[in-house]
Amino acid sequence: MTAGIKLRVLNFHGIGTPGRPLDPGEGDYWISADRFRSVLDRIADHPQRDCLSLTFDDGNLSDLSIAAPELERRGLGARFFVLTGRIGRSGSLGRGDIGSLIDGGMCIGSHGVAHRDWAGVSHGELQEELNQSKAVLEDICGEPVRSAAIPFGRYNAGVLAALRAAGYKEAYSSDGGVMDTTAFVRPRTSIRRDTTDEKVDRILAGHLAPARLLRRTVAMSVKRWF
Ligand SMILES: [Zn+2]
């Protein structure tokens, strides 16, 4: 198999003040608008900017109100993974908001329906998560939705098989490190509230500490087969 280009994918969640009650532990993934602008500047100024890719999970309203204009200002694009069970709810994107992101040149993918652990739900629930979210988003976007982001980064061979069967071509995980553009599973690194500038620079360089790289390689192969 030919290897594709190695990309580094940075993943964001909410920015600014949440417009809904957060799930337990979710606050660790929210960053301030100032912090977001500072990380985006590092990305926009990076010498290998073309090898950096950005995603946003959960379909928070801040995707449109804060992230989109800041991305546009810097000539950056991104992929937004929406939870269809939250569409139109307080603090989350509505149908029109998703349309606005598309009109602004952004890409839309599925994060499922109800933010469930896909490796832990029943076969029927997994089908619903993958198929229903895809259908809802395709209706809004008016085009095929082929990418999904796996909630909590938890997956196994059954989840990957179900994603493929549902027609997805790319599954974004949270395994860290570089991403091969021809691979089905696409590792990302989340920018958290406690992610320092030094850590951001390491992520942008695609640098993983040897111990972390070994853990990632083992974890990704285990998750693929079991
Ligand atoms: Zn999520």
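Positions are given from 1, in the same order as the sequence printed here. Note that ligands are numbered from 1 as they come in the structure, with each ligand's atoms numbered from 1 the same way.
- Legend: residues meeting side chain to side chain contact (heavy atoms under 4.5 Å, CB included) with Ala114, ordered by chain and number and at least two apart, are Arg116, Glu129.
- Listed by chain and number, the protein atoms of type N/O/S under 2.8 Å from the Zn ion (ligand 1) are Asp58 OD1, His111 NE2, His115 NE2; waters are omitted.
- A 4.5 Å side-chain heavy-atom check between Asp97 and Asp63 finds every atom pair outside the cut-off.
- Take Arg95 and apply the side chain to side chain contact (heavy atoms under 4.5 Å, CB included) test, not counting sequence neighbours, and it matches Ile87, Asp139, Ile140.
- In this structure Gln127 satisfies the side chain to side chain contact (heavy atoms under 4.5 Å, CB included) test together with His123, Asn131, Ala162, sequence neighbours excluded.
- Seen from the ring of Tyr168, Arg146 does not count as a face-on cation partner, given the 6.0 Å and 45° thresholds.
- Note that Arg164 lies in the cation-pi zone of Phe184, set by a 6.0 Å cut-off to the ring centre and a 45° limit from the axis.
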